[in-house]
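Values in this document were obtained by computation on a predicted structure and should not be read as measured data. In this chain, numbering begins with 1 at the start of the sequence shown.
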Amino acid sequence: MPKTFPTHPVPCAAGIGLRSIHIAEMLSRRPAAGWLEVHAENYMGQSAAVDALEKLREVYPLSVHGVGLSLGSASGVDRAHLERLRLVCERFQPAIVSEHLAWSVADGAYLNDLLPLRYDDEALVIVSGNIGRLQDTLKRQVFIENLSAYLAFAESSMTEAEFLSELVNRTGCGLLLDVNNVHVSASNLDYDALAFIDALPAEAIGEIHLAGHAVNEVDGDVILIDDHGSRVPPAVWSLYAHALRRIGPRPTLIEWDTDVPPLQVLLGEAMWADMLARSIAFGERPEEPPVTVRDSRFETMKLPDRDDASGIRFPALAAIAAVKAACGKCASDRCRRHGHVLH
């Protein structure tokens with residue numbers, strides 16, 4: 001019989017991707033983190049990591065992110081893999097389950113990448129069917145993530161945003177908006193990142209991802225690589241702010257998969273995401289209603305605009321302003337009443 005976990009819905013706050021090198025520290029320190037997300041494929045067997053996740057799940061809200069289901073496969077999703085995913089969800093009862101709009105399996109061979117689709121009616125039928133089977137098996141809504149792309153099919157008859165929107169209409173799935181992927185794809189394929197975000201149905205977006213990327217030069221052209229190996233860059237923070245102004249706060253994840261830094265760095269990035277989201281909620285009304293009620297204690301607070309010369313808002317400045325605003329007249333380095341520390 002699967003273990004029964006307490007209900008921990010994912011808050012509209014920033015969480016971190018749980019990586020193996022941080023598990024022991026998470027267990028011993030239990031640091032403040034909005035929530036945790038794990039890759040489903042890492043927890044499909046029995047291991048010390050699985051045992052640790054059972055303990056952490058009792059403390060932190062949990063999201064399960066699949067990377068190997070290959071929803072774009074014309075042959076359909078692999079039934080054995082889908083059953084393993086079902087067992088993971090049954091065991092850990094995550095508040096959110098997500099997968100990618102991609103394919104990674106061909107003739108029984110698993111490719112070590114998430115590959116783009118041709119966005120047309122034929123692909124729409126295939127992917128809709130695969131998502132339908134996924135959601136029917138898990139008996140829950142699944143969030144579908146936009147892809148980071150380095151090439152596109154000339155035969156596509158619609159944009160990725162149009163394709164995702166139609167998937168929502170046909171299957172009732174939700175969307176996971178990966179802001180870094182938007183920036184990477186828009187730069188590589190030369191389209192408007194802001195327009196991409198604006199074209200998505202706001203009410204369907206249930207989660208946001210933030211990450212860093214690598215910048216490479218190939219034959220004089222700049223190519224961005226979605227390596228999740230660095231801090232969130234200013235351009236991605238700026239897109240995140242745009243998304244928040246349009247749709248309101250959402251559960252937001254800091255992803256870091258290569259050159260993984262100390263845990264405190266990930267928690268710091270999550271703090272900046274929280275502060276940026278809070279500063280926007282204080283000072284601006286989103287174009288779409290937020291999915292949760294704002295904290296009434298801060299309803300009257302308004303932060304000053306703090307922008308650099310390029311027009312990109314720096315989260316650190318918003319963070320400091322938010323703490324000072326929350327503490328009223330207190331402008332000291334440490335507010336004993338609220339436990340805030342300014343560095």
Starting at [atom1] of [X], measure out to [atom2] of [Y] and round the result to the nearest 0.5 Å.
X	Y	atom1	atom2	answer
H183	N188	NE2	CG	9.0 Å
I131	C173	CD1	SG	4.5 Å
E255	N181	CD	CG	7.5 Å
L267	I254	CG	CD1	10.0 Å
L210	E269	CG	CD	9.0 Å
R278	I280	CZ	CD1	12.0 Å

May I ask you to test the [X]-[Y] pair for a side-chain heavy-atom distance under 4.5 Å?
X	Y	result
L263	R19	no
Y43	V64	no
H81	E41	yes
I16	H22	no
Y150	D226	yes
R140	P94	yes
L253	L176	no
L71	L101	no

Do [X] and [Y] sit in one hydrophobic cluster, given that two such residues count as connected whenever their side-chain heavy atoms are within less than 4.5 Å of each other, even indirectly?
X	Y	answer
L36	V88	yes
L175	F143	no
I126	F153	no
V168	L124	yes
V125	L164	no

State whether a side-chain donor-acceptor pair under 3.5 Å links Y191 with T159.
->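 T159 and Y191 do not have a side-chain donor-acceptor pair below 3.5 Å.
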Checking [X] side chain against [Y] main chain: does a donor-acceptor pair fall under 3.5 Å?
X	Y	answer
D178	N146	no
D120	S157	no
S185	L147	yes
S238	P234	no
W256	T258	yes
D274	A14	yes
R57	F92	yes
R246	D198	yes

Charged N-O contact under 4.0 Å between R91 and E54 =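 Yes, this pair counts.
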What pair of heavy atoms forms the shortest contact from [X] to [Y], and how long is it?
X	Y	result
A102	L117	C-CD2, 4.2 Å
G15	A270	O-CB, 4.3 Å
V10	P251	CG1-CB, 3.4 Å
I23	A52	CG2-CB, 3.5 Å
A40	G66	CB-CA, 4.2 Å
G172	Q141	O-NE2, 2.9 Å

Kindly determine whether L56 and L62 satisfy side chain to side chain contact (heavy atoms under 4.5 Å, CB included), including the steps that lead there.
-> CA-CA 9 Å; L56 291 171; L62 182 66; over 6 Å; no
Going through the distances and angles, do V184 and I225 end up as a side chain to side chain contact (heavy atoms under 4.5 Å, CB included)?
-> CA-CA 7 Å; V184 167; I225 304 296; over 6 Å; no
M158 vs D121, side chain to side chain contact (heavy atoms under 4.5 Å, CB included): CA-CA, chis, key distance, verdict | CA-CA 9 Å; M158 60 185 79; D121 291 333; 3.7 Å; yes
When you look at CG of D192, are more than 12 heavy atoms from neighbouring residues, nucleotides or ligands closer to it than 6.0 Å?
->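 Yes, because the 6.0 Å sphere around CG of D192 holds more than 12 heavy atoms from other groups.
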Heavy atoms from other residues, nucleotides or ligands near CZ of R133 exceed 12 (cutoff 6.0 Å) =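 It does not: R133 CZ has 12 such atoms or fewer within range.
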Partner residues of R86 under the salt bridge (Lys or Arg N to Asp or Glu O under 4.0 Å) criterion, sequence neighbours left out |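 Residues passing salt bridge (Lys or Arg N to Asp or Glu O under 4.0 Å) with R86: E83, E90.
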Indicate the ring-plane relationship of H100 and H65, choosing parallel, tilted or perpendicular according to the 30° and 60° boundaries.
->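 H100 vs H65 ring planes: tilted.
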Chi angles and distances behind the side chain to side chain contact (heavy atoms under 4.5 Å, CB included) call for S70, V77 | CA-CA 6 Å; S70 192; V77 296; over 6 Å; no
